[in-house]
Every structure is written in C-alpha cells, then in structure tokens.
Amino acid sequence: MLDKYFGFLKMDDEYIVVESLIDHAKIDREEILLLSKMVKETYEGNKDAVEDIYQRIRRINKDMTRAFDNVTDHIIQEKFDQQKQYDLLRLQNRNEVISNLIIATAKRVLIFNRLNTPFPEALKLPVKALALSLEDIHKTYTICLESYINNKGGLLQEMHKVEKQEQQIDHLRSECLQVLYELGNKDELKQGSLLCLQELIEHLEEISDSIEVASGSLKWLLLI
C-alpha cells in the first residue's frame with residue numbers, strides 16, 4: 001500500500017487525495033489495533049509481548065511518515081484552488097496528528113511496562129473499555145473518509161456518530177481517572193506509576209479527540 005506514495009503520484013483530483021487519506025487511516029487502524037493489544041498485554045503482565053508490539057508500531061509509523069510526507073508535497077504542488085488546497089492540507093495534517101498520538105501513546109505503555117509495576121486490577125476493565133472504544137471511533141472515522149467519495153449523503157450521519165463516540169470515550173477516561181486517583185489516595189500505587197498510567201489514559205482519550213477533529217475537517221470540503 002505504501003509503495004505508490006514514494007513515487008510521483010499525480011494528485012490533481014481531490015478524490016485521489018482523499019483516497020490517500022483512506023489508505024493512511026487504514027494503516028493507522030492497524031496501529032490502533034496493535035496499540036489496543038499492547039495495552040491488553042500490559043495489564044496481563046506479558047512484558048516481552050509489549051516490547052515486541054511497540055517495535056511493530058514504531059516500524060509502521062516510521063514507514064508511514066516517510067510515505068505520506070510525499071502526499072503533503074503533492075497537495076502543495078498541484079493546481080487546486082487556494083481554499084481546496086487549504087482544506088485538503090488541514091485534513092492531511094490532522095491525519096498526521098492521529099498517527100503522532102498513536103506512537104506517543106505506545107511510548108507511554110512501554111514506559112509503564114518497564115517500571116515493573118503490576119497493572120492495578122481495578123483499572124483493567126475500564127482501560128479495556130477505553131481501548132476498545134478507541135478502535136470503534138477510528139473505524140467510524142475511516143467510514144467518514146470513504147463516505148466522502150462514495151456516499152456524501154451519509155457523511156454527516158457518520159460524523160455525528162464520531163462525535164457521540166468521542167463523548168463516550170471522554171466519559172470512560174473520567175471513569176479510569178477516578179479509579180486511578182482512588183488507588184493513589186489509598187497509597188496502592190507509587191507516584192511514578194500513577195503518573196505514567198494517568199498519561200497513558202489521557203493519551204488514549206487524546207487520540208479520540210484528534211479523530212473527532214479530523215472528522216470535522218471533512219465538512220469544509222462539503223461546503224466547496
């Protein structure tokens with residue numbers, strides 16, 4: 001999938017650009033599924049598996065960054081009108097934010113894994129729910145991109161679904177943090193482990209925020 005972006009792909013059609021963003025999102029989805037598995041292996045205490053999954057995410061992220069930098073260059077160089085070019089670049093940049101947050105979150109999981117602290121039992125279910133909800137919202141975002149090409153009439157409905165899913169993820173984040181702070185008040189976690197888990201939870205939710213923002217960028221293309 002990535003090979004075509006290393007060449008001189010013509011991108012003077014907005015739909016070709018959006019198709020590239022769909023490819024980008026599909027690779028991000030692979031990373032998100034790996035990230036969710038990485039979280040699962042963490043709370044199950046499978047330290048070697050966590051290290052292996054992180055390296056897989058890192059390789060994918062590195063290859064994708066090189067590939068889709070080329071897409072950004074093409075959007076800049078092609079003869080779109082100024083507004084169209086701006087809107088496509090904004091969407092592409094927000095796609096990149098999602099990717100950057102995925103690898104940043106994976107690093108937080110890795111750090112916790114290396115602290116040799118058992119994952120709190122009380123956090124396992126809420127964090128699992130948070131990770132699975134992140135998988136769901138990203139799937140809906142991919143459908144949003146596909147709808148722009150194949151079903152514009154259904155795009156707004158999918159965008160509203162993303163908004164509702166993000167609200168639910170924000171609620172799950174709050175539940176996770178409440179459990180975490182209760183454990184802290186009982187001195188059941190060392191300060192470093194507590195802070196690391198806090199960052200992990202916040203980053204998982206921040207990915208969903210970035211997905212909602214990217215989804216909202218599609219409305220500007222609809223207005224043209």
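Just so it is clear, the structure is predicted and the values come from calculations on it, not from any experiment.
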dist Ser193:OG -> Ile111:CD1 (nearest 0.5 Å) comes out at 11.5 Å
Shortest non-hydrogen contact between Ile137 and Val162, atoms and distance
CD1-O, 3.6 Å
Could you tell me if the side chain of Leu189 sits less than 4.5 Å from the side chain of Leu180, heavy atoms only?
yes
Report yes if the side chains of Asp209 and Glu205 come closer than 4.5 Å at any heavy-atom pair, otherwise no.
yes
Heavy-atom donor-acceptor pair, Ser133 side chain to Ala129 backbone, under 3.5 Å:
yes
Taking atom CZ of Arg29 as the centre, does the number of heavy atoms from other residues, nucleotides or ligands within less than 6.0 Å exceed 12?
yes
Look at the side chain of Lys124 and the backbone N and O of Tyr43, then say whether any donor-acceptor pair between them is shorter than 3.5 Å.
yes
Between Ser147 and Glu158, is any side-chain donor less than 3.5 angstrom from a side-chain acceptor?
no
CG of Leu218 to CZ of Arg94, rounded to nearest 0.5 Å, is 10.5 Å
Do NZ/NE/NH1/NH2 and the carboxylate oxygens of Asp87 and Lys84 come within less than 4.0 Å?
no
Beyond-backbone contact of Lys47 with Asn116, side-chain heavy atoms, under 4.5 angstrom
yes
Hey, are the side chains of Val17 and Ile75 touching, using non-hydrogen atoms and a 4.5 Å cut-off?
yes
Ignoring hydrogens, what is the shortest heavy-atom contact between Ala25 and Asn95? Give both atom names and the distance.
N-ND2, 4.4 Å
Salt bridge (charged side-chain N to carboxylate O under 4.0 Å, His left out) between Glu51 and Arg114: does it pass, once the steps are laid out?
CA-CA 9 Å; Glu51 295 280 344; Arg114 292 176 176 176; 2.9 Å; yes
Check Asp136 with Lys139, please: is the shortest side-chain N to carboxylate O separation under 4.0 Å?
no
Determine the minimum heavy-atom distance between Ser99 and Asn61, stating which atoms define it.
O-ND2, 3.2 Å
Identify which one of Glu166, Gln165, Glu212 satisfies the side chain to side chain donor-acceptor pair (under 3.5 Å) criterion when paired with Thr140.
Gln165
For the residue pair Glu163 / Gln167, report whether a side-chain donor-acceptor contact shorter than 3.5 Å exists.
no
Could you check whether atom CD of Gln157 has more than 12 heavy atoms from other residues, nucleotides or ligands sitting under 6.0 Å from it?
no
Check: Asn93 side chain, Leu89 main-chain N or O, donor-acceptor pair, under 3.5 Å
yes
Glu41 side chain near Asp48 side chain, heavy-atom distance below 4.5 Å:
no
Would you say the side chain of Leu204 lies within less than 4.5 Å of the side chain of Arg108, judging by non-hydrogen atoms?
no
If you define the side chain from C-beta out and look only at heavy atoms, does anything of Lys190 sit under 4.5 Å from Thr117?
no
Can you find a heavy atom in the side chain of Asp28 that is under 4.5 Å from one in the side chain of Tyr141?
no
Identify the two heavy atoms, one from Thr42 and one from Val50, that lie closest to each other, and give their separation to 0.1 Å.
OG1-CG2, 3.4 Å
Between His171 and Glu175: side-chain donor-acceptor atoms closer than 3.5 Å:
yes
